[in-house]
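Worksheet: the structure to be examined is printed underneath.
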Amino acid sequence: MSKRTVIVSGGILEKEFVLPILQSEETEFIIGVDKGLQFLYENEIKPDYIVGDFDSVPREIVEYYRTEENVPIREFNPVKDASDTEIALRLCLGLRRKEIYILGGTGNRIDHLWANIQCLNIALAAGSEAMILDSHNRIRILEHGITLTRAEAFGKYFSVFPLELPVEDFSISGAKYPLQNHLLSAGDSLCVSNEFAEDEVKISFVCGKVILMETRD
């Protein structure tokens, strides 16, 4: 069983939520991304790689890891064709990492969040499972059905949005709002804020891809 890789990006990083993940025995590999590097530095965590254009982190932090800790650094021009998080994710895939958490992938900038959600599709296409996590949300992309259990649920609510159309014969069972053989289309908000009615919720569809958001207040 492969251990997890954690990308620490520059969005919201709540210490009480993030540190237990970074310090867990299940976390084997850490990549610091631009401003996320400052969080690692302030909490005395050494990353395995550093990635970014470093336009939002003090230069002395980058140099500390370069000279004092000898951490491999991949530095890019701020004028580039991919976000820092995408570059870090592609690095993970090049290193054949199979389970990837993105922390600091959410924040005030909705455009950054949406770019990070789109990046999850890159991991899925490469055969890896990546997810965005913060203290209120777990976001994944699915190309197959899934069974969610109440015991392992991230939060009280779950929502599903189409990403790659068509999403045909879309069904949800075991939920407060069940659905049967629905054609999930662009702009469809039918599957927002569903809840468990039974101990297991089954989501199924025959083609397409969906974004699954598990959320809590």
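What you see below is based on every heavy atom in this structure, not just the backbone, and it leaves out hydrogens, waters and symmetry mates.
Side-chain contact between I211 and L120: absent, with no pair of heavy atoms (C-beta onward) separated by less than 4.5 Å. Considering only heavy atoms from C-beta on, C207 stays 4.5 Å or farther from V167 through its side chain. Side-chain contact between L103 and V6 is present, with heavy atoms from C-beta onward closer than 4.5 Å. Residues V160 and I203 form a side-chain contact, since some pair of their non-hydrogen atoms from C-beta on lies under 4.5 Å apart. In this structure the side chain of V8 reaches within 4.5 angstrom of the side chain of I30, judged on heavy atoms. At a threshold of 4.5 Å between non-hydrogen side-chain atoms, the residues L163 and N121 count as touching. The side-chain heavy atoms of L37 and Y65, taken from C-beta on, include a pair separated by under 4.5 Å. Within the 4.5 Å cutoff, the side chain of V210 has no heavy atoms near those of the F161 side chain.
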Under 3.5 Å, which donor-acceptor pairs do the side chains of residues 171-187 form with other protein atoms, sequence neighbours left out?
unit_1, atom_1, unit_2, atom_2, d
S171, OG, N181, N, 2.9
H182, NE2, D188, OD2, 2.8

Please set out all donor-acceptor pairs under 3.5 angstrom arising from side-chain atoms of residues 140-150, sequence neighbours excluded.
unit_1, atom_1, unit_2, atom_2, d
R140, NH2, E214, OE2, 2.5
T149, OG1, E152, N, 3.3
R150, NE, D199, OD1, 3.2
R150, NH2, E198, O, 3.2

Result block: side-chain N/O donor-acceptor pairs under 3.5 angstrom for residues 17-25, not counting sequence neighbours:
unit_1, atom_1, unit_2, atom_2, d
S24, OG, E26, N, 3.1

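Within the structure, every pair that satisfies the salt bridge (Lys or Arg N to Asp or Glu O under 4.0 Å) test and touches residues 34-47, not counting sequence neighbours, is listed here: K46-E69. For residues 100-120, the pairs satisfying salt bridge (Lys or Arg N to Asp or Glu O under 4.0 Å) are R109-D111, with sequence neighbours left out.
When the ring-ring contact (aromatic ring centres under 6.0 Å, His included) test is applied to Y64, the partners found at least two apart in sequence or on another chain are Y41. Judged as a side-chain hydrogen bond (donor to acceptor under 3.5 Å, both in side chains), and not counting sequence neighbours, S204 has no contacts. Take R74 and apply the side-chain contact (heavy atoms from CB on, under 4.5 Å) test, not counting sequence neighbours, and it matches Y49, V51, F76, L91. For R59, the side-chain contact (heavy atoms from CB on, under 4.5 Å) criterion is met by F54, V62, E63, R66, E75, not counting sequence neighbours. For the side-chain hydrogen bond (donor to acceptor under 3.5 Å, both in side chains) test, no residue two or more places apart in sequence or in another chain qualifies with D169. Residues passing the side-chain contact (heavy atoms from CB on, under 4.5 Å) test with L113 are T106, I117, I139, sequence neighbours excluded.
Judged by distance alone, the side chain of H136 and the main-chain N or O of R216 form a donor-acceptor pair under 3.5 Å. Remark: the backbone N or O of G105 is paired with a side-chain donor or acceptor of N116 at under 3.5 angstrom. Distance alone, capped at 3.5 Å, places no donor-acceptor pair between the S128 side chain and the E99 backbone.
For the pair R97 and F29, the cation-pi criterion (under 6.0 Å, within 45° of the ring axis) is fulfilled.
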(request) Start with the C-alpha distance between D134 and I12, add both sets of side-chain angles, then the distance that settles side-chain contact (heavy atoms from CB on, under 4.5 Å), and finish with yes or no. (result) CA-CA 8 Å; D134 65 24; I12 292 175; 5.6 Å; no
(request) Could you give me the CA-CA distance, side-chain angles and deciding distance for C92 and I31, then say whether side-chain contact (heavy atoms from CB on, under 4.5 Å) is met? (result) CA-CA 9 Å; C92 290; I31 299 178; 3.4 Å; yes
(request) For E195 and K156, run side-chain contact (heavy atoms from CB on, under 4.5 Å): C-alpha distance rounded to whole Å, both residues' side-chain angles, the deciding distance at 0.1 Å, then the answer. (result) CA-CA 6 Å; E195 301 178 39; K156 179 180 178 181; 3.2 Å; yes
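Separating the OG atom in S159 from the CG atom in L212 is a distance of 8.5 Å, to the nearest 0.5 Å. Taken from CG in N43 to CD in Q38, the straight-line distance is 10.5 Å, to the nearest 0.5 Å. I132 contributes atom CD1, which lies 10.0 Å from atom CD1 of I7 (distance to the nearest 0.5 angstrom). Expressed to the nearest 0.5 Å, how far OG1 of T85 lies from CD of Q118 amounts to 13.5 Å.
Residues A153 and F196 come closest through the heavy atom pair CB-CE1, 3.7 Å. Nearest heavy-atom pair, P47 versus G32, reported as atom, atom and distance to 0.1 Å: CB-N, 3.9 Å.
Hydrophobic cluster of V206: no remaining members, since no ILVMFWY side chain lies below 4.5 Å from it.
Other residues, nucleotides and ligands contribute more than 12 heavy atoms inside 6.0 Å of the NZ atom of K209.
F158 and F170 fall within the same hydrophobic cluster, defined by Ile, Leu, Val, Met, Phe, Trp and Tyr side-chain heavy atoms under 4.5 Å apart, directly or through other members. A continuous path of Ile, Leu, Val, Met, Phe, Trp and Tyr side chains, each step under 4.5 Å between heavy atoms, connects L93 with I102, placing both in one hydrophobic cluster. Under a hydrophobic clustering in which Ile, Leu, Val, Met, Phe, Trp and Tyr are joined whenever their side-chain heavy atoms come within less than 4.5 Å, directly or via other members, I45 and V71 fall into the same cluster. Under the 4.5 Å side-chain heavy-atom criterion for ILVMFWY residues, a single connected hydrophobic cluster contains both L124 and W114. The hydrophobic cluster containing L133 also contains L40, counting ILVMFWY residues as joined when their side-chain heavy atoms lie under 4.5 angstrom apart, directly or transitively.
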